[in-house]
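Just so you know, ligand 1 is whichever comes first in the structure, and atom 1 is the first atom listed for that ligand. Quantities reported herein were computed from a predicted structural model and do not represent experimental measurements.
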Amino acid sequence: MKVNELKISYIEKSHEELSYSEKKLLDEATAAAKKAYAPYSKFRVGAAVLLGNGEVLSGCNQENAAFPSGLCAERVTVFYANAKYPDVAVDTLLITVLDENGDYRGEPVPPCGACRQVLSETETRQGKPMRILLVGKSKVHEFSSVSDLLPFIFSGNELL
Ligand code: THU
């Protein structure tokens, strides 16, 4: 028997340390979060992607009275990008959450497991790492690849 260890590193930085294009993504994700349809949870999530063609697209969570029928902001946004440009890679995905007063939530909020699974397959599909930025009130967590958020992915190869 042996114990294997996995090391994951990520960057922690402030809003002031965001680059110009990262700030633009944050502005877009914040604007999207304000449009979230979240009457049940009041948890308003905004996401924005920077695509390989330079375009920025955004999305927000969409809830439904039949709870499982809703969709997270990350999947809304990445599915939208892949539907619009199936052959263009998602270079960066930024996620942020607003509270009921419209302020950034304290801690950066990581994507749920189902979103990680989808993001992971998108990363495999595009053959390029997708950078993830999670933006909280004063802190930003930056992961250089989805595989750092979901190291042991169910890739589908198991089905073959
Ligand atoms: N939500 C997201 O949009 N992204 C996540 O990664 C976590 C959860 C949404 C789903 C639901 O509308 C609300 O937040 C509460 O779970």
For ligand 1, which atoms have a heavy atom of Glu63 less than 4.0 angstrom away?
11 (C), 12 (O), 13 (C)
Short side-chain to backbone donor-acceptor contact, Thr124 and Ser120, under 3.5 Å:
yes
Residues at least two apart in sequence or cross-chain that pass side-chain contact (heavy atoms from CB on, under 4.5 Å) with Lys84, listed by chain then number, are Glu55, Leu57, Tyr80
Does an N or O anywhere in Ala73 fall below 3.5 Å from an N or O of ligand 1?
yes
Protein heavy-atom partner closest to atom 14 (O) of ligand 1 - residue, atom, separation in Å
Phe43 CD2, 3.2 Å
Main-chain N/O of Tyr40 paired to Glu63 side chain as donor or acceptor, under 3.5 Å:
yes
Who pairs with Ser155 by side-chain contact (heavy atoms from CB on, under 4.5 Å), at least two apart in sequence or on another chain?
Ile153, Asn157, Glu158
Can you confirm, on distance only, whether ligand 1 has an N/O atom lying under 3.5 Å from any N/O atom belonging to Pro111?
no
What protein heavy atom is closest to atom 1 (N) of ligand 1, reported as residue, atom name and distance in Å?
Cys72 SG, 3.6 Å
Any protein heavy atom nearer than 4.0 Å to atom 16 (O) of ligand 1
no
Closer than 4.0 angstrom, basic N to acidic O: yes or no for Glu142 and Arg131?
yes
Identify the closest protein heavy atom to atom 9 (C) of ligand 1: which residue and atom is it, and at what distance?
Asn61 ND2, 3.5 Å
Below 4.0 angstrom, N of the basic side chain to O of the carboxylate: do Glu22 and Lys13 qualify?
yes
Given that the side chain starts at C-beta and the backbone is N, CA, C, O, which of these parts of Glu74 lies under 4.0 Å from ligand 1, counting heavy atoms, or is it both or neither?
side chain
Which bit of Ser41 is near ligand 1, meaning a heavy atom under 4.0 Å away: side chain, backbone, both or neither?
side chain
Approximate separation, where rounding is to 0.5 Å, of Glu121 CD and Phe154 CZ:
9.0 Å
